[in-house]
Asker: 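Shown below is the structure under consideration.
A, B, ... follow the sequence lines: proteins, then strands. Residue 1 opens every chain. Please read all numbers here as calculations on a predicted model, not as lab measurements.
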Number of protein chains: 2
Amino acid sequence: MKTLKIPEATIIRLSMYSRYLSQVEERGVQMISSGEIAEGVGVSPAHVRKDLAYFGEFGTRGVGYNVDELQHHILNILRLNREWRVVIVGAGHLGSALAMYRGFQERGFHLVGIFDSDPAKIGQTYDDITVQPIDELDRTVKEKQVGIGIITVPATVAQEVADILVSAGVDALLNFAPCVLNLPPRIELRNVDLSVNLEVLTFNLGSRGKL
Amino acid sequence: MKTLKIPEATIIRLSMYSRYLSQVEERGVQMISSGEIAEGVGVSPAHVRKDLAYFGEFGTRGVGYNVDELQHHILNILRLNREWRVVIVGAGHLGSALAMYRGFQERGFHLVGIFDSDPAKIGQTYDDITVQPIDELDRTVKEKQVGIGIITVPATVAQEVADILVSAGVDALLNFAPCVLNLPPRIELRNVDLSVNLEVLTFNLGSRGKL
DNA sequence: TAGATTGTTAATCGATTAACAATC
DNA sequence: TAGATTGTTAATCGATTAACAATC
């Protein structure tokens, strides 16, 4: 078993291929080539083949890839062949939007709780989930064996929330608060900044002379 | 004037430095070293200096960087030294959450309109913004000289919306719909997928053996 | 001057791309 | 067999890192 280091960009592209294959599947297409996938997601055919080659041989030379099979393989690679239980901490604008966001469910992420410390928010319902007090976070994570915590609280309390999630037993955190979290190395962490995307755009506009 | 190609990762880090400097400014700190910035945002000191070196010499050897000056320079580089007018198209869960999200305002992005085709959503208000019908999108973009459009409609209508925004004159698009948009090359585009962050986490958990 | 920290170079590392042999 | 497309290699390209001369 080779232990090649996989570039993160490869994982992100695999996620894109998988999403594109879902669309293709719906149209009833059976076989697809690396060139078609590449065009569908906006990368090069070599990229598609190289990315897949990290994980095995999924195609047939001269023929292409079976859409269903390839989709199955990619979902396996991404570990989306199971349900992941997640909680959201912070029922503000962003947290509640994520709670209602369908995109997570579609990919196998199941929201089992949303938490806030604000009494005004506790008890509010989003779809079939009710906002619970932070006090109940630890117990819920343990009882429902939550693997992933999504942090949408202000930066000032993000570390505190992260500590609760970690001690309760989550394996991974998705942090939307603009701060650096201090975590034990066993925890997988990703920081997301929504505004940075706009800033890359403005920089690019600027360097093209479009003030 | 050298026309070095700037890595996108550099821009993203500059955005992080800038956010960190905001915090530092509030604490009243005057001078800061590349090492301190690096620790604050979780990168290497060499990275900080290299990233800044693309754009000029902002520090003093043996001393460090003046916090306010450096912040000013970075905001200039990112073109955040002005107000950017944006519209959101799609007043669903994600669109309305982004409409209320404070993080954009803080960085100089000013929301001047939110649009939807659903009569049930038209007229709803978020903070001081009212959801308008799509029919009014073209006129609003032109009148208010909107530079950036944020697309939060379903993938099926994203291209249609993008076309309206482009013909009305926006320079850049931030697309949250999971699809490939076909745009004239003058348009700056960034695609954002919220779910992909979770998928990178699950992949990483998997490759560490934590199923 | 001695100590500190920048700006910059050169070496390393990793990712992308092009090309082609393998093979359906 | 001829045509097509994969899997893989090798070449290119770009980004990160370490190290140090410049200089406050």
Side-chain angles (χ1 to χ4, degrees), chain A residues 2-17 20-21 24 29-74 77 200 203-204 207, chain B residues 2-17 20-21 24 29-74 77 200 203-204 207:
Chain A
K2 50 187 167 182
T3 320
L4 226 55
K5 217 216 142 206
I6 317 289
E8 188 176 288
T10 287
I11 304 306
I12 291 171
R13 283 191 300 265
L14 284 173
S15 172
M16 292 163 60
Y17 305 156
Y20 179 65
L21 290 177
V24 170
V29 176
Q30 301 278 317
M31 301 299 291
I32 196 167
S33 70
S34 60
E36 291 168 293
I37 297 172
E39 204 189 331
V41 305
V43 302
S44 74
H47 245 147
V48 174
R49 296 200 298 276
K50 193 74 202 289
D51 288 336
L52 293 172
Y54 283 109
F55 302 98
E57 305 189 3
F58 306 126
T60 309
R61 293 174 196 225
V63 179
Y65 303 88
N66 178 294
V67 174
D68 287 350
E69 271 179 31
L70 184 59
Q71 174 72 303
H72 187 75
H73 284 300
I74 297 179
I77 293 165
V200 173
F203 172 81
N204 286 341
S207 36
Chain B
K2 51 187 170 184
T3 320
L4 227 55
K5 217 215 141 208
I6 316 289
E8 187 175 287
T10 287
I11 305 307
I12 292 172
R13 282 192 300 264
L14 284 173
S15 172
M16 292 164 59
Y17 306 155
Y20 179 65
L21 290 177
V24 169
V29 176
Q30 302 277 317
M31 301 298 292
I32 196 167
S33 70
S34 59
E36 291 168 293
I37 297 172
E39 204 188 332
V41 305
V43 302
S44 73
H47 245 149
V48 174
R49 296 200 299 276
K50 192 75 203 286
D51 288 336
L52 294 172
Y54 282 109
F55 302 98
E57 305 189 3
F58 307 125
T60 310
R61 294 172 195 224
V63 179
Y65 303 88
N66 178 293
V67 174
D68 287 349
E69 272 180 30
L70 184 58
Q71 173 72 302
H72 187 75
H73 283 302
I74 296 179
I77 293 166
V200 173
F203 172 81
N204 287 341
S207 36

Asker: Could you state the CE-P distance from A:Met31 to D:dT5, rounded to the nearest angstrom?
Answerer: 11 Å

Asker: Output the rounded distance in Å from NE2 (B:His47) to P (C:dG7).
Answerer: 16 Å

Asker: Can you measure from NZ (B:Lys5) to OG1 (B:Thr10) and round to the nearest 0.5 angstrom?
Answerer: 10.0 Å

Asker: Determine whether A:Asp51 and A:Val43 satisfy the following criterion, side-chain contact (heavy atoms from CB on, under 4.5 Å), listing intermediate values before the conclusion.
Answerer: CA-CA 11 Å; A:Asp51 288 336; A:Val43 302; over 6 Å; no

Asker: Between C:dT8, D:dT17, D:dT16, spot the one nearest the side chain of B:Ala9, thanks.
Answerer: D:dT16

Asker: C:dT16 C1' sits how many Å from A:Glu8 CD, rounded?
Answerer: 17 Å

Asker: With a 6.0 Å cut-off (strictly less than), is the heavy-atom count around CD of B:Glu39, excluding the residue itself, greater than 12?
Answerer: no

Asker: Which range-with-range stems can be found for DNA chain D when each stem has 3 or more Watson-Crick or G-U pairs in a row and both distances sit under 3.5 Å?
Answerer: C:3-24 with D:3-24

Asker: Indicate, with a heavy-atom threshold strictly under 4.0 Å, whether B:Ser34 touches base, sugar-phosphate, or nothing.
Answerer: sugar-phosphate

Asker: Please tell me if the side chains of B:Tyr54 and B:Leu14 come closer than 4.5 Å, counting only heavy atoms from C-beta onward.
Answerer: no

Asker: Specify the residues of residues 57-74 of chain B, ordered by number, for which at least one heavy atom lies under 4.0 angstrom from an atom of DNA chain D.
Answerer: B:Thr60, B:Arg61, B:Gly62

Asker: Can you give me the N/O atom pairs linking the protein to nucleotides 12-14 of chain C at distances under 3.5 Å, or say none if there are none?
Answerer:
none

Asker: Do B:Asn204 and A:Ile11 come within less than 4.5 Å of each other through their side chains, counting heavy atoms only?
Answerer: no

Asker: May I ask you to decide if the ring planes of A:Phe58 and A:His73 are parallel, tilted or perpendicular, using 30° and 60° as cut-offs?
Answerer: parallel

Asker: Provide, to the nearest angstrom, the distance between the CG atom belonging to B:Asp51 and the P atom belonging to C:dT6.
Answerer: 14 Å

Asker: Rounded to whole Å, please give me the gap between OH in A:Tyr54 and P in D:dT8.
Answerer: 13 Å

Asker: Ignoring backbone atoms, establish whether B:Arg49 has a side-chain N or O less than 4.0 Å from OP1 or OP2 of C:dT9.
Answerer: no

Asker: When you check the phosphate oxygens OP1 and OP2 of D:dT5, does a side-chain N or O of A:Ser33 lie under 4.0 Å from one of them?
Answerer: no

Asker: Going by heavy atoms in the side chains, are A:His47 and A:Tyr17 under 4.5 Å from each other?
Answerer: yes

Asker: Could you check how far NZ of B:Lys50 sits from C1' of D:dC20, rounded to whole Å?
Answerer: 15 Å

Asker: Looking at side-chain heavy atoms only, is the closest gap between A:Val200 and B:Glu8 below 4.5 Å?
Answerer: yes

Asker: Let me know the distance between CG of B:Leu14 and P of D:dA15, rounded to the nearest Å.
Answerer: 14 Å

Asker: Is the shortest heavy-atom distance from the side chain of A:Tyr65 to the side chain of A:Gln71 under 4.5 Å?
Answerer: no

Asker: Could you state the CZ-C1' distance from B:Phe55 to C:dT8, rounded to the nearest angstrom?
Answerer: 16 Å

Asker: Is there a side-chain contact between A:Leu52 and A:Ile74, using heavy atoms and a 4.5 Å cut-off?
Answerer: yes

Asker: Within a strict 4.5 Å, meaning less than it, do heavy atoms of the B:Ile32 and B:Leu21 side chains meet?
Answerer: yes

Asker: Check whether any side-chain heavy atom of A:Val67 lies under 4.5 Å from a side-chain heavy atom of A:Met31, and answer yes or no.
Answerer: no

